[in-house]
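Here's the structure, in structure tokens; my notes come after.
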Amino acid sequence: MVAAVIAAAVLTQPHLLVVTETRGFVHDSIPAAKTMVASLGYRTTFLDGARELTAVRLRGADAVVFLNTSGDLRLDAAGKRRLLAYVRGGGAFVGTHSAAATFHDWPAFQTMLGAEFRSHPPAGPGRVDVVDDAFTTTRSFAISDEFYRFRGAAKRHVVARVHGGGPLVWWRRYGRGRVFYDGLGHFIATWSDGHQRQLVADGLRWALRRSR
């Protein structure tokens, strides 16, 4: 009886499709990122590649997560149209760190995400200034990471900035869908940092319409 109740509770949780495919730089933090996301309590399916975002899978998904993806992922033209239609039609999309360095030759993806990776200074310690503390329960904090600079800025709501620099975390609406991007995630240690965990958790809640 208890097992049945637990199983039913799990099935009512939102279902995440998490893509970690890399066709560019491969972050050694990806396993730690997967562990952290899996610990958030959602039903989570990890996919080997973006081409596994089939119509059937997307129909059963509440969110697509690009977890430190990079480069020109293996996704054909039909798959690209399907992904954008999924988000535009009301789906949720969450990207972390090098998701902004994914599909450089697909401008529509960068528009959907909110910006595109341009460059970064040497990785190291820095400070993140949370500018919308009504969105997240985390506050401004120090962390060591690789702080991206971006080009192209679709309309977006900035949640946090690099201290003395540009936007790092934001959300935006795309059609009827919701998109959240967190620029942190370069180092393994980043994914055990409580502030990063809270940013991702709060971003997922917002994208899934579980908060305002």
Side-chain angles (χ1 to χ4, degrees), residues 6 9-20 27-47 53 58 60-69 86-87 90-100 102 112-115 126-148 156-163 167-174 176-212:
I6 293 173
V10 168
L11 288 174
T12 63
Q13 289 295 315
H15 183 203
L16 314 182
L17 295 178
V18 181
V19 179
T20 57
H27 285 84
D28 62 3
S29 61
I30 288 175
K34 291 171 68 174
T35 297
M36 193 277 276
V37 170
S39 75
L40 294 176
Y42 299 109
R43 287 189 294 139
T44 305
T45 300
F46 293 102
L47 304 179
L53 293 170
L58 287 172
D62 297 287
V64 171
V65 181
F66 273 27
L67 197 64
N68 285 19
T69 56
Y86 165 79
V87 182
F93 184 91
V94 173
T96 66
H97 196 51
S98 55
T102 302
M112 184 268 289
L113 187 64
R127 185 160 192 85
V128 175
D129 292 334
V130 176
V131 296
D132 182 1
D133 58 8
F135 176 87
T136 179
T137 56
T138 197
R139 297 295 179 264
S140 298
F141 57 95
I143 192 169
S144 186
D145 209 85
E146 185 179 70
F147 299 101
Y148 281 2
R156 58 192 178 180
H157 178 87
V158 177
V159 173
R161 295 179 174 273
V162 179
H163 183 70
L168 184 68
V169 181
W170 61 77
W171 60 257
R172 69 183 309 270
R173 299 180 190 276
Y174 183 73
R176 291 187 287 115
R178 292 186 171 201
V179 176
F180 174 78
Y181 173 77
D182 170 19
L184 295 170
H186 182 72
F187 291 122
I188 294 171
T190 303
W191 293 97
S192 60
D193 185 281
H195 299 290
Q196 168 70 347
R197 178 186 174 86
Q198 196 63 58
L199 280 171
V200 174
D202 290 340
L204 270 167
R205 272 196 291 271
W206 178 83
L208 291 164
R209 293 173 170 79
R210 296 194 144 202
S211 62
R212 65 183 177 91

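Only a predicted model underlies this, so the values are computations on that prediction, with no experimental measurement involved.
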What's the shortest heavy-atom distance between [X] and [Y], and which atoms?
| X | Y | value |
| --- | --- | --- |
| Val179 | Trp206 | O-CZ3, 3.5 Å |
| Ala207 | Ala92 | O-CB, 3.3 Å |
| Leu199 | Thr136 | CD2-OG1, 4.0 Å |
| Leu58 | Val64 | CD2-CG2, 3.7 Å |
| Pro14 | Asp62 | CA-OD2, 3.2 Å |
| Asp202 | Thr138 | OD2-N, 4.4 Å |

Contacts of type side-chain contact (heavy atoms from CB on, under 4.5 Å), residue Ser144, not counting sequence neighbours: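 If we apply the side-chain contact (heavy atoms from CB on, under 4.5 Å) test to Ser144, skipping adjacent residues, the hits are Pro125, Phe187.
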
Residues forming a side-chain contact (heavy atoms from CB on, under 4.5 Å) with Arg127, sequence neighbours excluded: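 In terms of side-chain contact (heavy atoms from CB on, under 4.5 Å), with neighbours along the sequence ignored, Arg127 is linked to Asp129, Ser140, Ala142, His163.
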
Check the pair Ile143 / His195 against side chain to side chain contact (heavy atoms under 4.5 Å, CB included), numbers first and verdict last. CA-CA 9 Å; Ile143 192 169; His195 299 290; 5.8 Å; no

Which value, rounded to the nearest 0.5 Å, describes the distance between [X] atom [atom1] and [Y] atom [atom2]?
| X | Y | atom1 | atom2 | result |
| --- | --- | --- | --- | --- |
| Arg43 | Thr12 | CZ | OG1 | 8.0 Å |
| Arg178 | Arg205 | CZ | CZ | 13.0 Å |
| Met36 | Ile188 | CE | CD1 | 14.0 Å |
| Phe141 | Leu184 | CZ | CG | 5.5 Å |
| Phe66 | Thr20 | CZ | OG1 | 10.5 Å |
| Phe46 | Leu17 | CZ | CG | 11.0 Å |

Do the side chains of Val128 and Phe147 get nearer than 4.5 Å, heavy atoms only?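 Yes, their side chains come closer than 4.5 Å.
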
Evaluate the side-chain proximity of Tyr42 to Leu208: yes if any heavy-atom separation is below 4.5 Å, no if none is.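 Contact flag for Leu208/Tyr42 side chains = yes.
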
Exam field: side chain [X] to backbone [Y], donor-acceptor pair closer than 3.5 Å:
| X | Y | answer |
| --- | --- | --- |
| Arg172 | Met112 | yes |
| Arg176 | Tyr174 | no |
| Tyr181 | Ala115 | no |
| Thr96 | Gly185 | no |
| Trp170 | Leu113 | yes |

Tell me, with the steps shown, if His15 and Thr45 meet side-chain hydrogen bond (donor to acceptor under 3.5 Å, both in side chains). CA-CA 8 Å; His15 183 203; Thr45 300; 2.7 Å; yes

Modelled atom types, side-chain donor and acceptor of Gln196 and Thr190, under 3.5 Å: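 Side chains of Gln196 and Thr190: no pair found under 3.5 Å.
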
Go through the side-chain N and O atoms of Ser98 and Asn68 and say whether any donor and acceptor fall under 3.5 Å apart.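 No, no side-chain donor-acceptor contact under 3.5 Å.
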
Which residue is it: Val131, Asp182, Val169? I am looking for the one with a side-chain contact (heavy atoms from CB on, under 4.5 Å) to Val159.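 That would be Val169; it is the only one of Val131, Asp182, Val169 passing the side-chain contact (heavy atoms from CB on, under 4.5 Å) with Val159.
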
Indicate the ring-plane relationship of Phe135 and Phe180, choosing parallel, tilted or perpendicular according to the 30° and 60° boundaries.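 Rings of Phe135 and Phe180: parallel, as their planes differ by under 30°.
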
Between Leu16 and Leu204, is the side chain to side chain contact (heavy atoms under 4.5 Å, CB included) condition met? List the steps. CA-CA 10 Å; Leu16 314 182; Leu204 270 167; 4.0 Å; yes

Run the numbers on His97 and Asp145 for side chain to side chain contact (heavy atoms under 4.5 Å, CB included), then give the verdict. CA-CA 10 Å; His97 196 51; Asp145 209 85; 3.9 Å; yes

